[in-house]
Amino acid sequence: MLGSRFWCSHKFAEGDDHLSHSHTHQNKMCEWVEESDSDGNCLKTKKYNGKYYASIVPGNVSDHLERLQTMEVRDDDTFVLSYPKSGTHWVFTIASMLRTGQSKYMGSPYFLDYNEVDYLDKLPSPRVFGSHLTFDELPRQVREGKGKVLMITRNPKDVAVSYHLFMTKLNAPDYKGSWEGFLKFYTEGRMLYGSWFEAFFDWENTKAKYKGDNVLYLMYEDMKQNLLVNVIKMAAFLGETRDNLFLEEVTERCTFQTMFKTVMSEIKPSDQDYIHQMSDNKKLPIYRKGEVGDWKNHFTVAQNEFFDRIYEEKMKDTKCTFRFE
Ligand code: A3P
């Protein structure tokens with residue numbers, strides 16, 4: 001799927017002989033896996049190294065991850081790293097405006113995960129990539145200090161709701177189960193990109209241990225609380241000197257309401273194909289509510305108690321706290 005900007009899903013390629021279909025094959029290969037939830041709905045995924053990757057990650061996953069390691073990084077490259085539904089498009093849009101100096105809506109990022117490196121190599125600068133991979137899976141040069149990384153995290157209850165509803169709006173999703181089934185998969189880490197907790201610990205551990213100064217750690221809820229402060233912080237981090245007027249304009253253009261309106265009114269004819277392809281109502285299913293606390297409209301009391309128990313156990317050693325409302 002060369003040039004795919006969107007996080008979308010595809011049916012399994014038939015005759016993909018280079019992929020392993022059984023547990024007995026060498027572990028350098030991913031396996032096609034179909035995990036069933038309690039209602040019999042399947043998660044279709046490429047499982048590699050114990051982790052569930054989206055079906056559109058190229059080839060056998062292993063080769064793609066290996067190739068990414070040696071990708072040539074440019075000084076003005078920006079990498080937006082997130083667990084799905086944590087605000088990837090939001091941060092991408094702000095970073096793109098800051099990098100280009102134009103407060104223009106740019107659509108969706110090119111994902112490292114879904115595009116061949118040869119294709120990414122040819123994109124013009126400044127490049128702002130999206131990725132749901134972990135910090136260690138980024139190109140080696142990034143971990144040597146080249147380029148800039150914006151890592152964003154978001155409270156796991158709102159992510160769960162956003163993730164499930166996003167899946168249900170895709171034409172050919174990797175999973176199309178009920179909320180109940182999804183939540184179970186999600187808490188067990190059997191969803192694409194694994195568990196929210198693993199992704200959060202990647203964010204937290206990188207923050208605690210990585211010595212480089214080319215990573216900025218963001219929280220969705222903080223951005224909701226004061227977007228201008230975060231836009232200013234991002235501009236300084238990216239080394240983009242922009243005047244106050246421009247930073248205020250970016251902030252205004254990147255509120256949920258403005259972005260939602262822009263997406264609905266400024267979609268270029270050339271984008272229609274992507275949108276038609278990936279969503280069943282021809283609308284980009286990324287911009288939904290953009291709120292903190294919408295999970296309350298979806299979790300039952302029992303589901304909330306169940307999730308809280310897991311959350312408390314898994315997060316007992318972390319000092320980081322999330323705002324849930
Ligand atoms: P909701 O489904 O809760 O509305 P991602 O880009 O990682 O897929 O994340 C999508 C989520 O970010 C969606 O959450 C979307 O509405 C939210 N989002 C996108 N732009 C936003 C903005 N400008 N402000 C707040 N939330 C935004």
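These numbers were taken from a predicted model, which means no experiment stands behind them. As a basis for the values below, the full set of heavy atoms in this structure was taken, side chains included, without hydrogen atoms, waters or symmetry mates. One-based numbering, in listed order, for ligands and for the atoms of each.
For E325 (side chain) and V292 (main-chain N/O), no donor-acceptor pair under 3.5 Å exists by modelled atom type. Looking at K176, its side chain does come within 3.5 Å of a backbone N or O of L170 through a donor-acceptor pair.
For the ligand labelled ligand 1, residue S82 lies outside the 4.0 Å heavy-atom shell. Residue contact annotation: T255 has a non-hydrogen atom under 4.0 Å from ligand 1. Residue contact check for ligand 1: F260 places no non-hydrogen atom closer than 4.0 Å to it. Using a 4.0 Å heavy-atom cutoff, M223 is absent from the residues neighbouring ligand 1.
With ligand atoms numbered from 1 in the order given, ligand 1 contributes 16 (O), 19 (C), 20 (N) to contacts under 4.0 Å with heavy atoms of Y287. Atoms of ligand 1 lying under 4.0 Å from any heavy atom of M259, numbered from 1 in the order shown and given with element: 23 (N). Atoms of ligand 1 lying under 4.0 Å from at least one heavy atom of G290, given by number and element, are 1 (P), 4 (O), 16 (O), 25 (C), 26 (N). Shown in contact with S86 at under 4.0 Å from a heavy atom are these atoms of ligand 1, numbered in order with element: 7 (O), 9 (O). For ligand 1, the atoms lying closer than 4.0 Å to a non-hydrogen atom of G87 are 5 (P), 6 (O), 7 (O), 9 (O), 12 (O).
By the ring pair (Phe, Tyr, Trp, His ring centres under 6.0 Å) test, F237 pairs with no residue at all, sequence neighbours left out.
A salt bridge does not link R309 to E312: none of the charged nitrogens lies less than 4.0 Å from a carboxylate oxygen. Between D213 and K148 there is no salt bridge, since none of the side-chain N atoms of the basic residue sits less than 4.0 Å from a carboxylate O of the acidic one. A salt bridge links R242 to E240: at least one charged side-chain nitrogen sits closer than 4.0 Å to a carboxylate oxygen.
Here S162 has heavy atoms under 4.0 Å from ligand 1 in both its backbone and its side chain.
Ring-plane geometry between W196 and F200 is classed as parallel, the angle between the planes falling under 30 degrees on a 0 to 90 degree scale with a further cut at 60. Taking the six-membered ring where the residue is Trp, F197 and F307 present parallel rings, their angle staying beneath 30° rather than reaching 60°.
Given atom 23 (N) of ligand 1, the protein heavy atom at minimum distance is C254 O, 3.0 Å. Protein heavy atom at the shortest distance from atom 15 (C) of ligand 1 is I286 O, 3.0 Å. For atom 26 (N) of ligand 1, the nearest protein heavy atom (residue, atom name, distance) is Y220 OH, 2.7 Å. Scanning the protein heavy atoms around atom 14 (O) of ligand 1, the nearest turns out to be R154 NH1, 3.1 Å. For atom 7 (O) of ligand 1, the closest heavy atom belonging to the protein is T88 OG1, 2.5 Å. For atom 8 (O) of ligand 1, the nearest protein heavy atom (residue, atom name, distance) is K85 NZ, 2.8 Å.
With a 4.5 Å cut-off on side-chain heavy atoms, T187 and F306 count as touching. In this structure the side chain of N230 never reaches within 4.5 angstrom of the side chain of L228, judged on heavy atoms.
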